[in-house]
Amino acid sequence: MKTLLIASLGILSLLQASSSFAENLNGKNLYVQRCAMCHGVDIKGTGPLANKSNPPTPDLTTSAFKKRLKDYPGVIVSSVILRPNGDLIPKTLKENGVKVAPYAWRVKDFRDLNEYMSNVIAKNR
């Protein structure tokens with residue numbers, strides 16, 4: 001009976017890990033497709049369009065941003081995406097010939113993106 005319980009717990013932990021991994025993959029995919037062109041893969045504002053916006057793309061690994069991301073998970077990300085500094089993001093993309101297909105954001109997407117960015121930031125310490 002103990003063996004069955006231990007095996008069941010092991011299977012459940014694997015299922016939980018794969019679910020978490022899938023969410024992180026969603027966050028990573030969203031970031032790479034929609035954010036990295038400006039913020040860079042390292043989230044430090046080093047993407048190919050980083051210096052083509054005014055103001056330039058910020059480094060998201062700064063302590064101030066880390067605190068905002070932790071204090072308001074998902075809110076910072078969603079507020080930038082849904083109301084991107086007026087038209088700064090669309091204008092920068094348009095002026096540089098970058099076309100990004102419209103996307104119907106879900107709450108889960110904001111959470112996944114927030115989780116992915118938090119993980120990358122934590123690794124950059």
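Just so it is clear, the model here is predicted, and its values are computed rather than measured.
Applying the salt bridge (Lys or Arg N to Asp or Glu O under 4.0 Å) test to D59 and every residue at least two apart in sequence or in another chain returns nothing. Partners of N51 by side-chain contact (heavy atoms from CB on, under 4.5 Å), not counting sequence neighbours, listed by chain and number: P56. Partners of T46 according to the side chain to side chain donor-acceptor pair (under 3.5 Å) rule, which considers only residues two or more places apart in sequence or in another chain, are D42. Under the side-chain contact (heavy atoms from CB on, under 4.5 Å) criterion, V32 pairs with K28, sequence neighbours left out. The side chain to side chain donor-acceptor pair (under 3.5 Å) test applied to K99 returns no partner, not counting sequence neighbours. Remark: N54 pairs with no residue by the side chain to side chain donor-acceptor pair (under 3.5 Å) rule, at least two apart or across chains.
Heavy-atom minimum distance, A36 versus P48: O-CD, 4.2 Å. Residue S53 comes nearest to A50 through the heavy atom pair OG-O, 3.9 Å, listed as atom of the first residue, atom of the second, then distance.
Annotation: side chain to side chain donor-acceptor pair (under 3.5 Å) contacts involving residues 89-98, sequence neighbours excluded, are absent. Legend: ring-ring contact (aromatic ring centres under 6.0 Å, His included) pairs involving residues 36-66, not counting sequence neighbours: none detected.
Of the possible polar contacts, none joining the N114 side chain to the F110 backbone as a donor-acceptor pair under 3.5 Å is found.
With rounding to the nearest 0.5 angstrom, the CG atom of L93 is 5.5 Å from the SG atom of C38. The distance from the CZ atom of R106 to the CG atom of L30 is 8.0 Å, given to the nearest 0.5 Å. L60 CG to C35 SG: the interatomic distance, rounded to the nearest 0.5 Å, is 8.5 Å. In this structure, the separation between CD1 on I121 and CG on N119 is 9.5 Å, given to the nearest 0.5 Å.
Taking hydrophobic clusters as Ile, Leu, Val, Met, Phe, Trp and Tyr residues chained together by side-chain heavy-atom distances below 4.5 Å, V41 does not share a cluster with Y116.
By the 4.5 Å heavy-atom criterion applied to side chains, V120 and Y31 are not counted as neighbours.
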message: If you apply the rule side-chain contact (heavy atoms from CB on, under 4.5 Å), what do you find for R34 with D109, and how did you get there?
response: CA-CA 12 Å; R34 302 191 158 274; D109 294 329; over 6 Å; no
